[in-house]
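To keep things clear, I will list the structure first and then write my remarks on it.
Each ligand, and each atom within it, is numbered from 1 in the order the structure gives. The model shown is predicted, which means the values in this text are computed figures rather than measured ones.
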Amino acid sequence: MEDNKLKIESRLAQIGSINEPVTGAINFPIYQSTAFRHPKLGQSTGFDYIRTTNPTRKVLEEAAAALESGDAGFACSSGMAALQTIFALFGQGDHLIVSLDLYGGTYRLLERILSRFGVTASYVDTNDLAALESIRQPNTKAVFIETPTNPLMMITDVEAVCSWAKSHNLLTIVDNTLLTPFFQRPIELGADIIIHSATKYLGGHNDVLAGLIITKGEELSAEMAFLHNSIGAVLSPSDSYQLMKGMKTLALRMERHEYNALTIAKYLLEHPAVNEVYHPGLSDHPGFEIQNKQSSGNTGIFSFKVKDARYVEPLLRHIKLIAFAESLGGVESLMTYPAVQTHADIPIEIRDAVGVDDRLLRFSVGIEHAEDLIADLGNALTAAQQEIEGGTHHE
Ligand SMILES: *Cc1c(COP(=O)(O)O)cnc(C)c1O
């Protein structure tokens, strides 16, 4: 069973582990039952109906809450479902302050759906406290941050934002998808709500769609439980099991993702076809120091810009081991072209302001051997350069 005195690696490996007294089973079973028999009128086993709570989902939710140092966890059918559930805390006339370089789906949810319910949002570099102050309104209710951001890997000082937010009675919500609680625990830095697309690193194998919400504080946890059950975008028992299975190896995977991504980022820094590398583990990254202060490691994704936008098409055609695909955080390496994929819903002015342009590629580095990934990327970059430059060498 998980125990808060154990180190995080041990707690992860033991998620859902039980001393099942009858059979001795090591892993927690998948309770597929939608209904639970009541012992008698006015009594419950603690389980009534699957949407409200389910034994398998509950084990996952308690583990997630403990890993993030929160009070309660809520497993949702996707990261977007988790975001929608969180945003249901707000209503007509409420205003949110949101990280400028934001996951495209979150932006779309705020601008196209939440706006219908009278919730407005302003986008700002959340590392700039003066900018936060200047867009704060009397009806501002919360600050929503991603750190690092995706794809540009901008870092926000979580502790500074949380203390500013607290001084104005605002909630701080952190999307911790990219670092996971293995590397960063924003509730320990003052955040109120954590959201994860557990589809990414927590699941880790590109094979389960899931979201998690973790809350701090009794009142907020009770309100979130009400929203989670009322909205009903909850995770199924079998996907809850699948997610726990992935989370057991999170520590091992994150260490390898971190090592591979930093090794490849350093390789690309020296590559003649590349002229910018965005990785907060590189000492000249503007967020390097804050990242080191608030996290114990770096995520496995980073972005880079090729010198010529024309390299992008042949590069994506020539990669073999690395797949051209649209997710992140799995054991298999994936490359994404944000301007036309994940960030296509963000208006061009905002994309230009943050630098998501047609030369930018995002690399979700898997756990393959770094040398094989470098060889694949190197071949594809050389082939792309040769196609565009007609096979002649211009130095
Ligand atoms: C993928 C992602 C989401 C959305 O999660 P889904 O599981 O795809 O619904 C939200 N935030 C971030 C940072 C993501 O990468």
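- Using the six-membered ring where Trp is involved, Phe87 and Phe90 have ring planes that are tilted, between 30° and 60° apart.
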Ligand 1 N/O to protein N/O, distances under 3.5 Å:
from     : atom 1 : to     : atom 2 : distance (Å)
ligand 1 : 5 (O)  : Ser197 : OG     : 3.0
ligand 1 : 7 (O)  : Gly79  : N      : 2.9
ligand 1 : 7 (O)  : Ser197 : OG     : 2.8
ligand 1 : 7 (O)  : Thr199 : OG1    : 2.7
ligand 1 : 9 (O)  : Gly79  : N      : 3.0
ligand 1 : 9 (O)  : Met80  : N      : 2.9
ligand 1 : 11 (N) : Asp175 : OD2    : 2.8
ligand 1 : 15 (O) : Lys200 : NZ     : 2.7

How far apart are the C-alpha atoms of His318 and Gln386, what are their side-chain angles, what is the distance that settles it, and do they pass the side chain to side chain contact (heavy atoms under 4.5 Å, CB included) test? CA-CA 12 Å; His318 285 290; Gln386 275 172 358; over 6 Å; no
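- Using a 3.5 Å distance cut-off with no hydrogens or angles, the side chains of His205 and Gln242 do not pair a donor with an acceptor.
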For residues 180-191, which side-chain N or O atoms pair as donor and acceptor with protein atoms under 3.5 Å away, sequence neighbours left out?
from   : atom 1 : to     : atom 2 : distance (Å)
Thr180 : OG1    : Phe182 : N      : 3.2
Gln184 : OE1    : Ser295 : OG     : 2.8
Gln184 : NE2    : Thr147 : O      : 3.3
Gln184 : NE2    : Asn176 : OD1    : 3.0
Arg185 : NE     : Glu188 : OE2    : 3.1
Arg185 : NH1    : Pro181 : O      : 2.7
Glu188 : OE2    : Ser69  : OG     : 2.6

Which side-chain N or O atoms in residues 104-115 pair as donor and acceptor under 3.5 Å with protein atoms at least two apart or in another chain?
from   : atom 1 : to     : atom 2 : distance (Å)
Arg108 : NH1    : Asp345 : OD2    : 3.0
Glu111 : OE2    : Tyr123 : OH     : 2.6
Ser115 : OG     : Glu111 : O      : 2.6

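- Within the structure, ring pair (Phe, Tyr, Trp, His ring centres under 6.0 Å) contacts touching residues 238-266 (residues at least two apart or in different chains) are Tyr201-His257.
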